[in-house]
Each structure stands twice: as C-alpha cells, then as structure tokens.
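Each chain gets a letter, A, B and so on, in the order the sequences are listed, and its residues count up from 1.
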Amino acid sequence: MATAATSRRRSGWTRSQWQSLLTGLAFISPAILGVLFFAAWPIVQSFYYSFTYYTILQPPYFIALDNYRDLFSDRIFAIAVRNTLYMVLIGLPVHLVFDFLMALLLNMRIRGLSIYRTIFYLPSITPVVASVIVWLWLFNGQYGVLNEIIGWFGVQPIGWLTDPRYTKPSLIFMGLWFGGNTILIYLAGLRDVPISLLEAAELDGANALRKTWHVTLPMVSPVIFYTLIINVIGYFQYFTEAWVLTATRDGAAGGPLNSMLFYAMYLYQTAFQQFKMGYASAQAWVLFLIVLIATVIVFRTSGWVYYRSEE
Amino acid sequence: MKAAKTVAYPVAAQSRSRGMESRTNQERLARTAAYLIITLVAVAYVFPLYWMIVTALKTDVEIFRVPPSLLPENPQWLNFPLSTTYIPFWQYMWNTMVISALTILGVVVSSAFIAYGFARVRWPGRNLVFMVYLSTIMLPAQVTLIPLYIVFRQFGWVGTILPLVVPAFFGNALYVFLLRQFFMTIPNELTDAARIDGASELGIFSRIMLPLLKPALATVALFTFVATYRDFLGPLIYLTDQSQWTISLGLQMFKNMYGAQWQLMMAAATITMIPTVVLFFLTQRTFIEGIALTGIKG
C-alpha cells in the first residue's frame, strides 16, 4: 500500500519497473491460469453445487442447506468420518514415529546405507495398485503367509481384512511399508544437523538420548513439521490403498461393515457411482473445512518448531 | 538456541576419563542394536516383494498349499507371459507411457517457466504471489474434483486422456518450488552480463538457465513419471473407455475378475513394478537428492 501511494505521487512507476512486472507475469502466466482454472474457480463452483440437487443430466436445482442437513443424518457418512479420523489420529502418528526412528537408526553411520536406503524406498515408487494386490495376498485369511508367520509364534489366525476389529490396524500395518519417502526426508534432515553442535553437547557430557532430544530433534523440527502438514492433508484424502483392497467386481468398496470406508471413498461413490454431484460437493466442502481447521491447528501448535535463522 | 543451552551446563568433567571407555562400549552396543533392528525391518520390507515373486513362480495348486512353500517347487516362468494375456496388458502399459510422457513434458516445461518468473525476474509483489501459489499445494483434490469433472464432461473430454494431461501444462507448485530453489543458486553475474549484451529475458532463460538446470529438470521429470505411473484416482474417474485404461486400472480389473489366480496376479504385479524399479537403480542419486530437497525447506 505504502509503495503504491509513494509511487503514485512520483507519477507512477518507472518504465523498467513496469517492464519487469510484465516479464515476471508473462513467465508465471501458466501458474496464474492454472490457479484460476484448476483451483479458484472450482472451489467457488463446488460451493455453489453444494447447495443444489445436481445429477449432471438435469441442471442444478437449488435446495439451500438440504445437502448439509442430510450429512448430519447420513450414518454411512458418519462411519466414513470416524474411519478417516482413526487414520489421521492413530495411523499418521504411528507412521511418522516409525519413519523417524528408522531415519535415526540409518543415521548412525552404519555400513551398507545405500542398500538399506534402496530397500526402504522401493515400495514408495512401485505402483500402488500392484503393491496393494501383493498385500491382499499376504493378508489372505486362509492361505496368506502372514497368518502362517504369526502361527509360528502360537498366535491364532487373524481375519486381517475380514474382521472389522482388525481391518484398520491392518491398513496401518501395511502403511508402514510405504514409509520410505518420509524416512528419506528425515534422513536428509538429520544429515543437516551440524556436527559441531553434537560434538559440543558430547563434550558437555550429554549421552546419546539427551543429544537426540536436545540437539537433533530441535534441529530437524522444521522437517518434521513439513512432513506433519503434508501428511495430515494426505491422510484426510486416504483413498487408493483402501479402495483397491476392498473394491469388488460390482463396484462396491469399504470392506466388512464399512470398516475400511474412508471419506474420499464415500465422496467418490456419491459423485461417480450415484451421480449426486450436489451432495458430493457438500462433502467436499466439509472436507475442505476440516482440512483447513486441522492445518490451522497444526500451525498454531507449532511452538515446538525451531528455526535456525531466528538465532 | 534455547535447546542447546539446556545441554551446555550439566558439567561432566567429573568422570571424563572413566566415562570415555564405557562410552565406546556403550556405543558399540548401540550400534549393534541399530544394525539388528534395521536389518530386521529391512528383511520385513523386502519380504512382500520376495513373496510376490515366489508366488508368481508357483502353480495354481502350489499357491494354496498349507503351510506354504518358501520356494517354488518347479518354477513356472511361463506365468509371466501368461499373466499378460488375461488383460490387454501391453496396451495398458502403452497407454500409461503415453500419459506419463505428455505429463512429464507439460510439467517440466511449464514449471521451469514459472519458477524462472518467481526466481530471476524482480517484480513488485513477487513474494506474496509466490506464497499464495505455494499454498495451493495444501488444497485437497476433492474440493476441485467435481466442478472439473463437470466442465471436462462439457468439453467432451471424459473418456480421453486430456483431463489427465492438460492440467500438467499449467505447472505444479511443488516442482516450481523445487526449481526456484535451483534458479536462486545460479549467480546473478551470469545473467547480468547477458542482459548488458542485450539478450532478451527469454533468451537468457532458454540459452543460459535451462542448460544449467538440467539436473533439476531431470529430478522433476523422474518424480512426475513415478507419480503418473502410480496414479489411480485420476484414471479411475476419467478413463471410462476400457481401451484407454492405464496399467493400474488394468491390474485392478485383473484382481476383480480373476481374484483366485494369485500366481498370475503376482506375475502381473511384478512386471508392472519393473519399470520404476529399473529407473530407480539407474538414477538413484537424482532421486535421493530430490527427496532431500523437497523436505529441507518447509
């Protein structure tokens, strides 16, 4: 504002300022168009659809808040919300803690690092559908090798994907296998911790645990924060793994008692199997608000994040 | 520096000579424990892939044996070619490659342009616009899904690869961020000299910057390939015509139609994994460095 006012007093910007603005805008023009067309406009449009009854075949019909009211009495929607929160509140912390512990171990200057790194990363680049089909076979109740393995330890066979008590823990267990990307991000962060700080702490008599807690953790906290934000958003959209595991030939999905029905799956069914676009848009907007609130909460409680530049 | 201070003073000079010896012992113990855990987890990580290949080599009788055999009795190598005849496997593979190639082209070209505008051209309001642009990464795809589907349908694009490919030509905020980081490491003297010589901004971009940026562009291309190759939701929504399906959709159908033919499904899954795995081994460094870059600045 201030610069605009002062420059107006000086009868506008200089020619070269205008020129650089135009050049800059020209270079980023694909982004401007992209944001307008693929983000801004659809957000507004889906807000409008969320107040309509819309089946694509007929034009949208305004029904005010009916879609939102229906959400509150939709029992399957409630199940999907509960399952998704389970994944965000339990699955996500379990995964991030596991990934961080793995990164800490990999950072202990062990030999064969590149081999371990490859092993941990491979599942992150193989096609999800192919990987999940493999897990479907591992989880198989009758012939699956997982039940065979736990049998060696005297554990009774588990209905990994058939017993509603075990389905979500099974998904979380399977999710550990997809941790490679986060492990490598953490490892890169750990590599960045200045050795001088660790040595100073060591000279002062700090043991490994205290070094990790008081030096390493604060130094990598921005990286942890980044993975937390990205994954909170990602876990609210949890879709492919559960979809491929549970989808049947006739298009149903969600597993026994809908115990693996997640928010994005129900939204997909509402929009693309039942073609209730208005109702699905209301779901999309509620998801948007939930994700927004969750992100704000994570940002607001980010006092534990330590930024080096603040020194 | 709050954190460092708290460790600075519990003076430990008291037992340094005695402490050192027990510390190296402790350290050796910790190191051994670390190896043990890491190796155990690594074995668990490899196991599903091992089991996939072993199953792919068994007969349709041997897969149902209890307890399962750890190695195939009589390796059925023909399972691999056989598995590709149950679905139009190579057709789906080709479709996937076409979509991937076009997406890579779009993402790389547009993201490089955008990143240059954010990194090397100084214009008022640049940083604010960049922050807004970056924040779109956090937008859940579901919010834009339905209006985009409806408008693509009006264009007559549903049932074609266009809804998957065209958006790639409008940039990808994450990769713009990554490329911008690279652009900013290139010294200004290089471009200033060219500017004095009268080179246009477009000339500087294409003749000086792009060649210097090759490794970064390779990283973006790789990540885009992996993301496109793994994508499921996009093709599921837009590729309504079976002849256009990607390999992920094909595998999903394989599972739904021939769910008991585990040996063939494992064979098909193995073949599907090969391109990304081979690519990873050929370009490991690019991958690893790229991941480090995405995570470093939050």
Side-chain angles (χ1 to χ4, degrees), chain A residues 20-21 23-24 27-28 30-31 33-35 38-39 42-43 45-46 105 108 110 116 119-120 125-130 133-134 137-138 143 145 148 184-185 188-189 201 204-206 210 214 218 222-223 225-226 233 237 239-240 244 249 264 267 271-272 277 280-281 284 287-288 291 295 311, chain B residues 1 3-4 6-8 10 12 31 34-35 37-38 42 45-46 48 51-52 64 67-68 110 113-114 116-118 121-124 126 133 136 138-140 142-144 146-148 167 170-171 201 226 229-230 232-233 237 248 251-252 255-256 262 265 269 272-273 276 280 291-292 295 298:
Chain A
S20 67
L21 178 67
T23 314
F27 271 102
I28 68 157
L33 290 174
V35 169
F38 298 113
I43 292 175
Q45 188 73 5
S46 73
L105 292 176
M108 287 182 76
I110 55 169
Y116 289 117
I119 290 173
F120 288 130
I125 52 169
T126 51
V128 186
V129 179
I133 286 178
V134 173
W137 175 227
L138 299 173
Y143 308 104
V145 73
E148 176 67 23
L184 290 199
I185 289 178
D204 288 333
R210 293 185 65 112
H214 290 296
V223 178
F225 182 66
Y226 166 79
I233 298 166
Q237 301 174 60
F239 179 86
T240 305
V244 177
R249 202 190 301 198
L267 196 153
F272 301 106
M277 292 299 176
S281 294
L287 179 68
F288 183 39
V291 170
T295 316
E311 277 173 79
Chain B
M1 291 309 304
T6 52
V7 290
R31 186 77 59 87
Y35 268 114
I37 300 170
I38 282 278
Y45 253 67
V46 171
W51 200 243
M52 169 182 76
F64 293 128
S110 61
F113 253 96
I114 299 165
Y116 185 84
F118 277 127
V121 186
R122 267 178 232 109
W123 45 281
R126 184 179 73 172
Y133 182 50
T136 60
M138 305 208 272
L139 192 70
Q142 278 73 18
V143 188
T144 58
I146 291 159
L148 286 177
F170 294 87
E201 210 64 43
V226 172
Y229 195 77
R230 304 182 88 210
F232 180 69
L233 183 59
I237 290 172
S248 287
L251 277 182
Q252 159 84 354
K255 184 208 99 185
N256 289 344
W262 288 104
M265 284 205 292
T272 312
M273 288 184 184
T276 48
F280 175 76
I291 299 160

What part of [X] is in contact with chain B, defined as an atom under 4.5 angstrom from a non-hydrogen atom: side chain, backbone, both or neither?
{"X": "A/S46", "answer": "both"}
{"X": "A/L267", "answer": "side chain"}
{"X": "A/A271", "answer": "side chain"}

Would you compute the distance between atom [atom1] of [X] and atom [atom2] of [Y] and round it to the nearest 0.5 angstrom?
{"X": "A/Q237", "Y": "B/L233", "atom1": "CD", "atom2": "CG", "answer": "9.5 Å"}
{"X": "A/I185", "Y": "B/I291", "atom1": "CD1", "atom2": "CD1", "answer": "7.0 Å"}
{"X": "A/I28", "Y": "B/F113", "atom1": "CD1", "atom2": "CZ", "answer": "13.0 Å"}
{"X": "A/S281", "Y": "B/Q142", "atom1": "OG", "atom2": "CD", "answer": "12.0 Å"}
{"X": "B/Y35", "Y": "A/L105", "atom1": "OH", "atom2": "CG", "answer": "11.5 Å"}
{"X": "B/I38", "Y": "A/I110", "atom1": "CD1", "atom2": "CD1", "answer": "5.0 Å"}

Under 4.5 Å heavy-atom distance to chain A, tell me which part of [X] shows up: side chain, backbone, both or neither.
{"X": "B/R31", "answer": "both"}
{"X": "B/V143", "answer": "both"}
{"X": "B/T136", "answer": "side chain"}
{"X": "B/F64", "answer": "both"}

Give the minimum heavy-atom separation between [X] and [Y], together with the two atoms involved.
{"X": "A/G24", "Y": "B/V121", "answer": "N-CG1, 3.7 Å"}
{"X": "A/P30", "Y": "B/I114", "answer": "CB-CD1, 3.9 Å"}
{"X": "A/P42", "Y": "B/P147", "answer": "O-CG, 3.3 Å"}
{"X": "A/E148", "Y": "B/P67", "answer": "OE2-CB, 3.3 Å"}
{"X": "A/V134", "Y": "B/A269", "answer": "CG2-CB, 4.4 Å"}
{"X": "B/P68", "Y": "A/V145", "answer": "CG-CG2, 4.4 Å"}

I want to check something: taking the side chain as every heavy atom from C-beta on, are A/Y143 and B/W262 in contact at a cut-off of under 4.5 Å? no

Validation row: A/L21, B/P124 side chains within 4.5 angstrom (heavy atoms): yes

Report the C-alpha distance between B/F232 and A/F239 in whole Å, list the side-chain angles of each, state the deciding distance to 0.1 Å, and finish with yes or no for side-chain contact (heavy atoms from CB on, under 4.5 Å). CA-CA 9 Å; B/F232 180 69; A/F239 179 86; 4.0 Å; yes

Between A/F27 and B/W123, does a side-chain contact (heavy atoms from CB on, under 4.5 Å) hold up when you go through it step by step? CA-CA 11 Å; A/F27 271 102; B/W123 45 281; over 6 Å; no

Any donor and acceptor pair, going by atom type alone, linking the side chain of B/K255 with main-chain N or O of A/V244 inside 3.5 Å? yes

Is A/T126 reaching over with its side chain to a backbone N or O of B/M273, donor-acceptor style, under 3.5 angstrom? no

Trace of the side-chain contact (heavy atoms from CB on, under 4.5 Å) decision for B/L139 with A/F288: CA-CA 8 Å; B/L139 192 70; A/F288 183 39; 3.4 Å; yes

Heavy-atom pairs under 4.5 Å with chain A, option from B/Q252, B/M52, B/R126 with the top count: B/Q252

With chain A as the partner, which of B/P167, B/S110, B/A34 has the greatest number of non-hydrogen pairs under 4.5 Å? B/P167

When heavy-atom pairs shorter than 4.5 Å are enumerated against chain B, which of A/G34, A/A130, A/A284 gives the highest number? A/A130

Top contributor to chain B interface from A/V291, A/I133, A/V35, A/L184 [non-hydrogen pairs under 4.5 Å]: A/I133

Assess whether side-chain contact (heavy atoms from CB on, under 4.5 Å) is satisfied between A/F38 and B/T144, documenting all intermediate values. CA-CA 7 Å; A/F38 298 113; B/T144 58; over 6 Å; no

For B/Y45 and A/F120, take the angle between the two ring planes, folded into 0 to 90°, and tell me which bin it lands in: parallel under 30, tilted 30 to 60, perpendicular over 60. perpendicular

